[in-house]
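Worksheet: one structure, shown below.
Below, chain A is the first sequence line, B the second, and so on; all start at residue 1.
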Amino acid sequence: MPELPEVETIRQQLEALVSGAGILGGTVYLPKVIRQPSPEVFADLISNRKILSVTRRGKYLLFGLSGGYTLVIHLRMTGQLICEKEGAPPPRHTHLILHLERDRRLRFTDLRQFGRVWLLPASDTRSQAGMEKLGPEPLSPEFTETYFATRLKNSRRSLKPLLLDQQVVAGIGNIYADEALHHAGLHPNRRADGLNSREAKALYRAVKEVLREGVSHRGTSIRNYLDAEGRAGRHQDFLKVHNRAGRPCPRCGSTIEKIKCGGRGTCFCPSCQPNAR
DNA sequence: AGTCAAACCTGGGCGC
DNA sequence: TGCGCCCAGGTTTGAC
């Protein structure tokens, strides 16, 4: 669930809510979510540090801490990171709580237990958590039309798996890949190197557009996603194709289809997104 | 380089 | 009501 727009929403909220806050300590309920260091060392090492910054890289959240450490959190499919008052017993599937100053806590809850947490020296943050291979940030100036066109031209893969490849561009997941392809009018099975320059440009613009829209609606809540204040996002009400199989395309009225593409469920409009072959 | 499946997990929805 | 099956927004790994 949490793709770039969802993680960015959480980042923005937490930046306002917890930057500057001191961490009193941590409670680990499910040790395996802590990838580094060991859970015991983690709880010890995180105590009495101050949160200096909250940033994002792809789908990773990064908390810059005092003393030269970075807390890295990846929510994977069903992770939630919620800032709330201390007191209530933590809900089911809560795996980590960071106790903050002023009677607040940061709660990591994850039904499927896929989410991961690292506490790393800032100097080797990028290499340790698997972030070194990430492609450019799609909403930053480093993601240029030329770069994207080159990646398309040099790949024989289908468009859908290419968009999901975090090494090509960081932060796109299944929801926004489907939406970007519909926005650009391209079939998910089209071969990347088969696009003409007009189509490549349309896809480049579509990627940026659908991600911006997702952020502006505070993310998409289809199943589990909640923002850092525990609220659902609104973008599910604005999706054109994703999760809408069998319903009419908002653009042309044709019935949206669902296929398997690159092993992933993929929704598209057969008339807005014709297969070129 | 690419594709595919499996693995990591729990829960919801469906058909029977 | 209950059981079995399939599905789910991410990522990694290993086989071909």
Can you check salt bridge (Lys or Arg N to Asp or Glu O under 4.0 Å) on A:R218 and A:D227, steps first, answer last? CA-CA 7 Å; A:R218 293 184 6 267; A:D227 67 21; 3.2 Å; yes

Which residues satisfy the side chain to side chain donor-acceptor pair (under 3.5 Å) test with [X], sequence neighbours excluded?
X      : result
A:Q113 : A:K32
A:Q236 : none
A:R126 : none

Describe the nucleic acid contact of A:G173 in one word from base, sugar-phosphate, nothing, applying a heavy-atom distance below 4.0 Å.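 A:G173: backbone/sugar contact only, no base atoms under 4.0 Å.
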
Give A:Y176 one of three labels, base, sugar-phosphate or nothing, depending on what nucleic acid heavy atoms sit under 4.0 Å from its own. nothing

Dot-bracket, DNA chain C: Watson-Crick or G-U, under 3.5 angstrom, [ ] crossing, | other strand? .|||||||.|||||||

Contacts of A:P270 that satisfy side chain to side chain contact (heavy atoms under 4.5 Å, CB included) - sequence neighbours left out: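 Side chain to side chain contact (heavy atoms under 4.5 Å, CB included) check on A:P270 returns A:E257, A:F268.
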
Could I get the full list of side chain to side chain contact (heavy atoms under 4.5 Å, CB included) partners for A:K50, not counting sequence neighbours?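 Testing A:K50 for side chain to side chain contact (heavy atoms under 4.5 Å, CB included), a comparison that skips the adjacent residues, returns A:L52, A:S66.
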
Determine the Euclidean distance between corresponding P atoms of B:dA6 and C:dC6; express it in Å to zero decimal places. 12 Å

Spacing of the P atoms in B:dC4 and C:dA8 (rounded, Å): 16 Å

What is the distance from [atom1] of [X] to [atom2] of [N], rounded to the nearest Å?
X      : N      : atom1 : atom2 : result
A:I175 : C:dA8  : CD1   : P     : 12 Å
A:M77  : C:dT12 : CE    : P     : 14 Å
A:K133 : C:dT12 : NZ    : P     : 7 Å
A:L75  : C:dG10 : CG    : P     : 12 Å
A:E6   : C:dG10 : CD    : P     : 9 Å
A:Q80  : C:dG10 : CD    : P     : 16 Å
A:L81  : C:dG10 : CG    : P     : 18 Å
A:D193 : B:dA1  : CG    : P     : 15 Å

Spacing of OG1 belonging to A:T255 relative to CZ belonging to A:R247, to within rounding of 0.5 Å: 11.5 Å

Residues from residues 153-167 of chain A sitting under 4.0 Å of DNA chain C, heavy atoms only? A:Q166

For A:K201, I'd like to know if atom NZ has over 12 heavy atoms of other residues, nucleotides or ligands within 6.0 Å.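 At most 12 heavy atoms, drawn from other residues, nucleotides or ligands, come within 6.0 Å of this atom.
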
Check the surroundings of atom CZ in A:R205: do more than 12 heavy atoms from other residues, nucleotides or ligands lie under 6.0 Å from it?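 No, not enclosed.
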
Is the ring pair A:H74/A:Y60 parallel, tilted or perpendicular, if the boundaries are 30 and 60 degrees?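 The arrangement is perpendicular - the two ring planes meet at more than 60°.
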
Do we see a donor-acceptor contact under 3.5 Å between the side chains of A:R157 and A:S155?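 Judged by distance alone, the side chains do not pair up.
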
If you assign each of A:G265 and A:H74 to its closest nucleotide in DNA chain C, which residue comes earlier from the 5' end?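 The residue closer to the strand's 5' end, by nearest nucleotide, is A:G265.
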
Any residue meeting ring pair (Phe, Tyr, Trp, His ring centres under 6.0 Å) with A:H182, in chain and number order, not counting sequence neighbours: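 Partners of A:H182 by the ring pair (Phe, Tyr, Trp, His ring centres under 6.0 Å) criterion come out as none, since no residue qualifies.
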
Collect all protein-nucleotide pairs involving nucleotides 7-11 of chain B in which both atoms are nitrogen or oxygen and the distance is under 3.5 Å.
unit_1, atom_1, unit_2, atom_2, d
B:dC9, OP1, A:K32, NZ, 2.4
B:dC9, O5', A:K32, NZ, 3.1
B:dC9, O2, A:R112, NE, 3.0
B:dG11, OP1, A:R92, NH1, 2.9
B:dG11, OP1, A:R92, NH2, 2.7
B:dG11, OP1, A:H93, NE2, 3.0

Does anything in residues 146-173 of chain A form a ring pair (Phe, Tyr, Trp, His ring centres under 6.0 Å)? List the pairs, not counting sequence neighbours.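 Residue pairs passing ring pair (Phe, Tyr, Trp, His ring centres under 6.0 Å), neighbours aside: A:F143-A:F148.
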
Of all of residues 226-249 of chain A, which get a heavy atom below 4.0 angstrom from DNA chain B, listed by number? none

Contacts of A:K160 that satisfy salt bridge (charged side-chain N to carboxylate O under 4.0 Å, His left out) - sequence neighbours left out: A:D178

A:K260 side-chain N/O to C:dA8 phosphate OP1/OP2 under 4.0 Å: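 Yes, because at least one side-chain N or O of A:K260 sits under 4.0 Å from OP1 or OP2 of C:dA8.
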
